[in-house]
Amino acid sequence: MTIRQYPVQVEAGGKTFQTRVLDAGSGSDLILCIHGVGSRADRFTPLLEPLAAQGYRVISLDLPGHGFADKGNIPFSVPYCAEIASKVAEQYAHSRLTVIGTSLGGQIGGYMARNPAIPVHRLAMVGTLGVVPLDEREGANISQVILKQRGVDDCRRKLKALIHDDARVTDAWAFEESKINNSLGADASFDAIGSYFEGPINDHLIAKDVQLLAEHGAPVGMMWGTEDTIVSVETGRASMDRLPELPMAWIRDTGHAPYRERPAAFIDALNWIFADEATRHGRERTF
């Protein structure tokens, strides 16, 4: 099965914004994958074809200032990214929209639920931000370290933090990561993103939005790598306490990107969190 990639333009914030989309499969059962800060659409590549083989059309986009999307002095925020993600999804005729959001992408996915014109029918939040407030020191670390240090060796260290199995982090991956995150306009983009993380990110928490989505019957759940050190397991537990009705799937021996390290287990876990309560037999499970 082929993964297609191409540019997509949407109107957001009164301007035309261009991003890149990866696209696999066909049909009206649409899955939208949203990455986290400092990442890009192809983080989800190991997931696209297996999900497409199950009958879904699966797309993944580059967020503003990331990957091959427009860069520069962008008005970066969760609401802005949610508007863009919804408008990208709108371009694909669909009967059902499933959002898989990881880290900041989970917060964006939850915020998308505020847009009734493009409803989210199912939501999976992976190692998500936004359910509980981001600690001020963590926001500063993202702004001043993760987004500022983008040399090859810096990217290698960050990828080893992202992935539990260090052997998966290659020199080629670190080189590519550094080149893309230092491309034209990246400095201004990451400055804008960093300012948001050190500023109003906690103004856009999503626990109430997610709870309301679930109360209206949408299957919603959380997923976490058991070895996640970027958004810690402790944050996962705190998120469970904040949203006690939601199922939690733990993906064994994975870090902050379980969909990349163990995609088959991730898909099993995804199907489990979206199953009805009687079928799940419990609130949490390890895969």
Side-chain angles (χ1 to χ4, degrees), residues 13 17-20 34-44 60-82 84-85 101-108 111 126-130 132-164 166 168-205 225 227-232 234-235 255-257 260:
F17 168 80
Q18 179 167 294
T19 186
R20 171 189 61 151
I34 308 175
H35 65 77
V37 68
S39 183
R40 58 187 188 275
D42 42 288
R43 280 285 197 277
F44 289 100
S60 176
L61 82 160
D62 287 328
L63 289 174
H66 293 78
F68 296 96
D70 283 346
K71 296 183 175 71
N73 187 18
I74 52 176
F76 193 89
S77 69
V78 164
Y80 178 65
C81 291
I84 286 170
T102 183
S103 200
L104 182 67
Q107 187 170 354
I108 293 165
Y111 204 90
V126 187
T128 192
L129 299 178
V132 295
L134 182 69
D135 182 82
E136 184 176 327
R137 290 168 299 177
E138 292 175 347
N141 181 65
I142 290 169
S143 174
Q144 299 169 22
V145 178
I146 293 176
L147 295 176
K148 294 289 188 184
Q149 298 178 6
R150 307 194 303 272
V152 175
D153 289 340
D154 300 317
C155 289
R156 184 182 294 107
R157 285 191 294 271
K158 284 184 277 189
L159 291 171
K160 286 184 175 181
L162 175 81
I163 300 294
H164 176 57
D166 286 356
R168 293 176 178 268
V169 179
T170 64
D171 290 342
W173 189 10
F175 176 82
E176 179 183 88
E177 190 90 352
S178 179
K179 282 293 187 182
I180 293 172
N181 285 348
N182 285 286
S183 57
L184 185 65
D187 281 342
S189 291
F190 286 142
D191 283 348
I193 295 166
S195 295
Y196 180 69
F197 269 84
E198 290 196 75
I201 188 170
N202 286 333
D203 292 345
H204 304 127
L205 298 178
E227 310 305 318
D228 194 339
T229 59
I230 293 180
V231 182
S232 68
E234 289 74 23
T235 300
H256 195 49
R260 191 173 183 94

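These numbers were taken from a predicted model, which means no experiment stands behind them. Side chains included, hydrogens not; waters and symmetry mates left out as well; all remaining heavy atoms used.
With a 4.5 Å cut-off on side-chain heavy atoms, S189 and P64 do not count as touching. The side-chain heavy atoms of V78 and Y196, taken from C-beta on, include a pair separated by under 4.5 Å. For the pair I163/W173, a side-chain contact is recorded, criterion being any heavy-atom separation below 4.5 Å from C-beta on. R150 has its side chain out of reach of D154: every pair of non-hydrogen atoms, C-beta onward, lies at least 4.5 Å apart. For the pair K148 and F190, the minimum side-chain heavy-atom distance is 4.5 Å or more. At a threshold of 4.5 Å between non-hydrogen side-chain atoms, the residues K71 and L184 do not count as touching. Side-chain atoms of P79 and Y111, non-hydrogen and from C-beta on, do get closer than 4.5 Å to each other.
Panel note: side chain H35, backbone L63; a donor-acceptor pair is recorded below 3.5 Å. Side-chain N or O atoms of K158 include one that pairs as donor or acceptor with a backbone N or O of I146 at under 3.5 Å. T102 places no side-chain N or O within 3.5 Å of a backbone atom of G105 that could act as its donor or acceptor partner. Side-chain atoms of S143 never come within 3.5 Å of backbone atoms of G139 as a donor-acceptor pair (strictly under, hydrogens ignored). The closest donor-acceptor contact from the side chain of S178 to the backbone of F175 lies at 3.5 Å or more, if one exists at all. No donor-acceptor pair closer than 3.5 Å links the side chain of E198 to the backbone N or O of Q144.
In this structure, the separation between CG on L162 and CZ on R157 is 15.0 Å, given to the nearest 0.5 Å. For the atom pair OG (S195) and CD1 (I201), the distance works out to 12.0 Å, reported to the nearest 0.5 Å. The structure places NE2 of H66 at 10.5 Å from CG of L61, a figure rounded to the nearest 0.5 Å. Summarising the geometry, atom CG belonging to D62 is positioned 10.5 Å from atom CZ belonging to R43; distances are rounded to the nearest 0.5 Å. Here the OG1 atom belonging to T19 is positioned 8.0 Å from the CG atom belonging to D70, to the nearest 0.5 angstrom. Annotation: the span from D187 atom CG to N73 atom CG amounts to 12.0 Å, rounded to 0.5 Å.
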| message | As a quick check of understanding, evaluate salt bridge (Lys or Arg N to Asp or Glu O under 4.0 Å) for D171 and R156, giving each step before the final call. | response | CA-CA 7 Å; D171 290 342; R156 184 182 294 107; 3.2 Å; yes
| request: Apply side chain to side chain contact (heavy atoms under 4.5 Å, CB included) to the pair I180 and F68, showing each step before the final yes or no. | output: CA-CA 8 Å; I180 293 172; F68 296 96; 3.9 Å; yes
| request: Start with the C-alpha distance between D42 and R20, add both sets of side-chain angles, then the distance that settles salt bridge (Lys or Arg N to Asp or Glu O under 4.0 Å), and finish with yes or no. | output: CA-CA 10 Å; D42 42 288; R20 171 189 61 151; 2.6 Å; yes
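Shortest non-hydrogen contact noted between L104 and V37 is CB-N, 4.1 Å. V231 approaches T128 most closely through the heavy-atom pair CG1-O, 3.8 Å. Between C155 and E177, the closest heavy-atom pair is SG-CG, 3.8 Å.
Between the side chains of H256 and S103, at least one donor N or O sits under 3.5 Å from an acceptor N or O.
Note on ring orientation: taking the six-membered ring where Trp is involved, the planes of F17 and Y80 are perpendicular (angle over 60°, cut-offs 30° and 60°).
Surrounding CD of E136 are at most 12 heavy atoms belonging to other residues, nucleotides or ligands under 6.0 Å away.
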